[in-house]
Amino acid sequence: MSTIKADQYIDKNKKNVNPEYRNEFHLMAPIGWMNDPNGFIFYKGQYHLFYQFYPYDSIWGPMHWGHAVSDDGVHWQDLPTALAPDQDYDRDGCFSGTAYVEDDILYLMYTGHVVEEGVVRQVQCLAKSEDGIHFEKLKENPVIHEEHIEGLCSIQDFRDPKLFKREGRYYSIVAANTEDKRGQLLIFESENMLDWSKGKVFLEGQKDQGIMWECPDVFELDGKDVIIMSPIQMKQQGYEYSNISSTLAMIGSIDWETLTYELETFHEIDRGLDFYAPQSALNPQGKRVITAWMQMWDRRNLTHELGHQWSGSMTLPREVKIEDNRFVQSPLSSIYDQFHYETVDLEAKEGFQSFADNPQYIHAVLNQESFKMHLAEDGDEYLLLSYQEGILTLSREKAGYAIWGNEGDDYHSRSIELESDHLALEIFIDVSSIEVFINQKMSMSMTFYKKKTERKASIQGLEHASSFKIGVFQ
Ligand code: FRU
């Protein structure tokens with residue numbers, strides 16, 4: 001499999017993709033399967049976003065890296081496939097990884113995945129590009145392999161490197177797990193990106209904190225060192241971590257002498273049903289921006305089942321910061337210029353209010369003990385956003401096709417406990433996704449697949465809205 005073959009296939013077949021559930025303002029692969037964001041970076045004036053990609057079918061397969069660029073985080077232009085599994089050390093997949101720029105050269109560090117007689121081997125590899133479009137895998141590959149992890153972890157679960165440079169030294173932080181199946185992050189050092197030290201344990205999880213930690217990203221934010229990553233089977237705590245594959249943000253500090261992480265606190269990043277493997281980039285305004293795969297492992301893959309020839313979307317990019325020792329997020333500011341707005345006057349009305357035919361953005365500032373919002377509504381089909389007794393719940397139970405998975409058949413909603421009845425909600429509703437931002441702090445992201453066509457919005461129990469604005473994507 002080569003990138004040329006992939007691009008020829010894409011060009012020839014992308015016209016067959018069924019557009020019914022394709023989002024309008026989110027990144028999707030032109031055809032085929034997408035999962036994790038990879039190599040998210042601002043390079044030569046644009047956001048570059050790579051992603052786990054299998055062009056030939058709408059299910060997971062030997063991973064390629066798809067590639068797209070954007071100025072604003074919502075309009076994306078597809079670029080040629082960046083990596084294909086075409087070497088001995090990556091022939092069953094170019095798995096997730098990160099991007100790094102030095103002297104205008106764009107480097108990608110990714111995991112080479114090989115399965116030989118049922119045994120998995122995962123090693124870390126480099127590719128580089130001078131134009132940001134065509135990538136060449138280095139002849140020194142794999143640069144981190146068995147010898148670097150002797151006695152530390154198994155080569156079978158050793159993936160998703162984060163590459164960065166600090167004070168003249170390169171570091172790579174790679175996900176792994178312990179023998180007794182606890183999540184683990186290993187750290188490697190290098191003077192030249194090619195020769196790497198033996199690994200050291202950077203951080204290890206406890207039982208209940210996941211059997212494997214995937215896709216770590218590590219960066220400085222507002223004076224703290226933050227790790228974002230995706231644990232598998234993190235134990236549910238209250239309303240948190242109820243998806244089998246979760247994501248979390250850790251806040252703490254790195255001890256650069258011992259190369260270990262001192263953890264202060266952690267919490268779940270997004271409180272919806274579909275959000276995984278987030279990765280960050282730093283933009284020229286100095287803002288740290290994240291995006292994630294807006295879908296989930298081990299769930300019904302509806303667009304595949306329906307033969308639509310595509311699967312998977314990214315979330316909207318979000319700006320993140322640390323506030324009161326919490327990792328908080330709000331939509332990337334450049335997104336706002338891409339919508340037309342209208343203010344809705346709901347003051348005089350009472351009861352069940354229908355306020356728009358097909359809003360793609362809703363901004364509502366509410367201060368009341370309860371309400372129910374129906375979104376993407378057509379008769380008895382709708383998404384429900386409800387608030388009662390301090391709990392905000394987003395449910396897709398009545399929003400079209402049932403999307404079941406390993407969490408069970410009746411797992412169709414998620415809830416957040418809030419501290420006060422003051423709610424500033426920002427809601428983005430695309431063709432098959434909803435993202436709710438709460439008080440510029442938290443988010444709930446979810447996919448949904450309607451069977452009916454109307455997409456009205458209404459609110460029940462409205463008492464007082466100090467602001468109510470709707471928008472449509474331009
Ligand atoms: C996370 C993940 C990564 C891996 C990739 C393979 O979703 O399992 O750990 O690199 O997907 O597609």
Side-chain angles (χ1 to χ4, degrees), residues 1 6 29 32-40 49-67 81-85 89-99 108-115 120-125 127 142 144 153-163 172-177 181 183-186 205 210-218 227-234 243-248 269-270 273-279 290-299 301 304 311-315 405-406 445 447:
M1 291 190 219
W33 164 273
M34 157 195 275
N35 59 286
D36 315 349
N38 294 153
F40 192 23
L49 184 53
F50 303 83
Y51 51 88
Q52 289 288 278
F53 179 36
Y54 184 58
Y56 305 105
D57 202 347
S58 44
I59 51 172
W60 189 88
M63 282 292 119
H64 295 56
W65 276 36
H67 187 190
T81 305
L83 301 175
Y89 54 80
D90 67 11
R91 66 166 180 267
D92 295 306
C94 298
F95 276 17
S96 288
T98 48
L108 306 178
M109 193 179 226
Y110 69 96
T111 298
H113 173 82
V114 172
V115 191
V120 173
R121 177 178 187 241
Q122 299 190 326
V123 291
Q124 316 318 320
C125 313
I144 307 182
C153 73
S154 147
I155 198 78
Q156 303 209 25
D157 276 322
F158 176 51
R159 57 182 177 269
D160 310 339
K162 160 76 182 182
L163 172 67
S172 181
I173 293 182
V174 186
N177 56 15
K181 293 273 175 234
Q184 188 185 50
L185 300 179
L186 302 179
I211 57 165
M212 172 72 194
W213 289 353
E214 297 190 309
C215 300
D217 192 357
V218 183
I227 302 176
I228 57 176
M229 56 91 175
S230 302
I232 303 174
Q233 290 179 28
M234 176 93 183
N243 295 328
I244 288 177
S245 297
S246 294
T247 63
L248 60 79
I269 297 176
D270 182 279
L273 293 168
D274 296 291
F275 185 96
Y276 198 64
Q279 195 176 95
I290 63 165
T291 185
W293 176 40
M294 192 162 45
Q295 197 154 301
M296 193 44 85
W297 290 117
D298 305 314
R299 296 258 180 83
N301 179 358
H304 173 70
S311 179
S313 171
M314 290 296 158
T315 66
N406 278 3
S445 307
T447 55

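Just so it is clear, the model here is predicted, and its values are computed rather than measured. All ligand and atom numbering here is 1-based and tracks the order in the structure.
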Next item on the list: Please find out if less than 6.0 Å separates the ring center of Trp60 from that of Phe95.
Entry: yes
Margin query: Using a 4.0 Å cutoff against the non-hydrogen atoms of Ser96, which atoms of ligand 1 qualify?
Written below: 5 (C), 10 (O)
Check: Cut-off 3.5 Å, side chains only: do Asn38 and Gln279 have a donor facing an acceptor?
Finding: no
Margin query: Tell me whether ligand 1 is touched by Asp36 - counting only heavy atoms on the residue side and a distance under 4.0 Å.
Written below: yes
Checklist line | Element-labelled atoms of ligand 1 that are located less than 4.0 Å from some non-hydrogen atom of Gln52 | finding: 5 (C), 6 (C), 12 (O)
Checklist line | Numbering as shown, the atoms of ligand 1 that approach Tyr276 to under 4.0 Å (heavy-atom distance) | finding: 1 (C), 7 (O)
Checklist line | For Trp297, atoms of ligand 1 separated by under 4.0 Å from a heavy atom | finding: 1 (C), 7 (O), 11 (O)
Notebook entry, point to check: Which bit of Asn35 gets closer than 4.0 Å to ligand 1, counting heavy atoms only: side chain, backbone, both or neither?
Noted result: side chain
Checklist line | Thr291 versus Thr315, side-chain donor and acceptor atoms under 3.5 Å | finding: yes
Checklist line | Sub-4.0 Å atoms of ligand 1 with respect to non-hydrogen atoms of Asp160 | finding: 3 (C), 4 (C), 9 (O), 10 (O)
Check: Who are the side-chain hydrogen bond (donor to acceptor under 3.5 Å, both in side chains) partners of Ser172, not counting sequence neighbours?
Finding: none
Notebook entry, point to check: Under 3.5 Å, is there a donor-acceptor pair between the Ser445 and Asp274 side chains?
Noted result: no
Notebook entry, point to check: Run the side chain to side chain donor-acceptor pair (under 3.5 Å) check on Asn243 and Tyr276 step by step: do they pass?
Noted result: CA-CA 10 Å; Asn243 295 328; Tyr276 198 64; over 6 Å; no
Next item on the list: Taking only heavy atoms of Met63 into account, list the atoms of ligand 1 that are under 4.0 Å away from them.
Entry: 12 (O)
Next item on the list: Tell me which part of Trp293 gets within contact of ligand 1: side chain, backbone, both or neither, using heavy atoms under 4.0 Å.
Entry: neither
Note to self: Is the ring pair His67/Phe50 parallel, tilted or perpendicular, if the boundaries are 30 and 60 degrees?
What the structure shows: parallel
Check: Among protein heavy atoms, which lies nearest atom 8 (O) of ligand 1, and at what distance?
Finding: Glu214 OE2, 2.9 Å
